Amino acid sequence: MTPDRLILEFDRALRAVAGVVRASRPSPAQQVPETPVEDEQRVHAAALMRVNHVGEVCAQALYQGQALTARQPAAREALERAAREEEDHLAWSAERIRELGGRPSLLNPLWYAGALAIGAVAGALGDKWNLAFLAETERQVEEHLTGHLEALPPDDRRTRAVVEAMRADEAQHRASAVQLGAGELPEPVRRAMRLSSKVMTTIAYRV
Ligand SMILES: [Fe+2]
Ligand SMILES: [Fe+2]
């Protein structure tokens with residue numbers, strides 16, 4: 001890797017962890033008026049958005065780890081495009097947390113480091129497994145966001161708009177990974193991924 005690229009990647013890591021990311025597309029919440037939500041419900045929504053924000057911090061790291069190691073140009077390009085959309089998600093969810101009066105996870109540097117390591121391992125296994133891992137991640141994130149749409153206050157239309165747009169993007173990311181030749185991960189790996197994301201989401205809801 002060239003020194004320039006190294007600096008660029010390091011900068012991206014710092015911005016993801018510090019929450020200083022600019023979205024390239026406006027937040028889907030922008031068009032939706034704020035609706036009054038009870039305090040308790042607002043705190044709950046902020047905590048759910050903190051979980052999603054951690055997911056997006058991890059997405060930054062995973063994509064970064066994978067794009068660094070992807071071999072085919074087509075795979076690398078698709079990874080980079082998806083990574084840019086994940087940056088939007090990162091910015092949108094951070095903004096929504098602020099609007100709801102919450103704060104991002106204090107453990108973000110830790111989540112980032114863990115996901116970067118996993119992404120680099122997946123990338124080192126070659127494009128087929130790299131893409132398979134990506135497709136499965138996106139599938140699980142999509143399911144997770146569907147769960148959040150059920151858990152979010154029905155009246156909190158602004159938060160819901162963000163989560164819905166993110167979910168649509170994740171579905172697209174999964175489809176493009178499959179199109180690039182992603183295989184299916186073995187069931188024990190999928191189960192381990194579910195378990196670790198359960199641990200992450202449980203902790204991030206609180207801290
Ligand atoms: Fe995302
Ligand atoms: Fe995604």
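Worth saying up front: this structure is predicted, and the values here are computed from it rather than measured. As a basis for the values below, the full set of heavy atoms in this structure was taken, side chains included, without hydrogen atoms, waters or symmetry mates. Each ligand, and each atom within it, is numbered from 1 in the order the structure gives.
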Exercise. Say whether Asp156 and Thr35, considering side chains only, have a donor N or O and an acceptor N or O under 3.5 Å apart.
Key: no
Exercise. Using 2.8 Å as a strict upper limit, say whether an N, O or S atom of Asp169 approaches the Fe ion (ligand 1) that closely.
Key: no
Quiz item: Any N/O/S of Glu56 under 2.8 Å from the Fe ion (ligand 1)?
Solution: yes
Exercise. Using a cut-off of strictly less than 2.8 Å, determine whether His89 has an N/O/S atom near the Fe ion (ligand 1).
Key: yes
Self-check item: Sidechain N-carboxylate O distance under 4.0 Å for Arg160, Asp155
Solution: no
Quiz item: Between the main-chain N or O of Glu138 and the side-chain N or O of Arg174, is there a donor-acceptor pair closer than 3.5 Å?
Solution: no
Exercise. Taking the Fe ion (ligand 2) as the vertex, measure the angle between atom OE2 in Glu86 and atom OE1 in Glu170; round to 10°.
Key: 120°
Quiz item: Quick check: does Glu138 have an N/O/S atom under 2.8 Å of the Fe ion (ligand 2)?
Solution: yes
Quiz item: Does one side chain, of His53 or Glu56, offer a donor that lies under 3.5 Å from an acceptor on the other?
Solution: no
Quiz item: Out of the N/O/S atoms in His173, what is the name of the one closest to the Fe ion (ligand 2)?
Solution: ND1
Quiz item: So, Ser24 and Arg84: side-chain donor and acceptor under 3.5 Å apart, yes or no?
Solution: no
